[in-house]
Each structure stands twice: as structure tokens, then as C-alpha cells.
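All remarks here apply to the structure that follows.
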Amino acid sequence: MDRIVIEVEDNLARRWRNADPETKQKISQGVDHFLSTIFEKKEDEIWPFLEKLRAKAEQRGFNDEILEQILNEK
């Protein structure tokens, strides 16, 4: 497995550094799967795919307010 570097907001980077190894592993696997899925799409399919994911998450009760709460947890 290889490493990549992705720039994120300071707060998110701090939370990553403070996360336990098990959490980091789960997140890393999820990001790996997500990026693999995205890169399999043609460029004009990416935004419709992401919109479909957003709609599905919203149907399951996930919304921007919940995401903001998660991102602001310390």
C-alpha cells in the first residue's frame, strides 16, 4: 500500500493526529474505498454519483447539520 497526501482544514488534521490507531485504520479503509469508487467513474459521472450518495444519506437521516456536529466534535 502506498501513501498520498491530501490537504484538509487544520481542525480536521488535528482530530486525525489525535485519533486512535483503530479509528485511523477504519477511516483509511473507507477513504480508500471511496476514492477507488470515484476514480472508476468518468469525470462527468462524478458529481451525479456524489449527489446520489448525498440523497441516499439524507433519506437515512444524515444531513448537513449532523455533518457539521460531527466535524465540530473535539
Side chains of E22 and Q25 in contact at under 4.5 Å (non-hydrogen atoms)
no

Just verifying a value: how many Å separate K26 NZ and D20 CG, rounded to the nearest 0.5 Å?
8.5 Å

Do K42 and E45 meet the salt-bridge criterion of a basic N to acidic O distance under 4.0 Å?
no

Would you indicate whether the side-chain heavy atoms of T37 and F49 approach each other to under 4.5 Å?
yes

Tightest non-hydrogen contact, residues K24 and R17, listed as NZ-O, 3.8 Å

Given the rule that I, L, V, M, F, W and Y join up when any side-chain heavy atoms are under 4.5 Å apart, are F34 and I27 in one cluster?
yes

Between the OG atom in S28 and the CE atom in M1, the distance rounded to the nearest 0.5 Å is 6.0 Å

Could you grab the distance from atom CD of E40 to atom CD1 of I46, nearest 0.5 Å is fine?
11.5 Å

Can you name the side chain to side chain donor-acceptor pair (under 3.5 Å) partners of R14, sequence neighbours left out?
none

Neighbour count >12 (heavy atoms, 6.0 Å) for atom CD, E65:
no

Euclidean distance, E51 CD relative to E58 CD, rounded to 0.5 Å:
8.0 Å

Distance col, row I6:CD1 vs L35:CG, nearest 0.5 angstrom, shows 5.5 Å

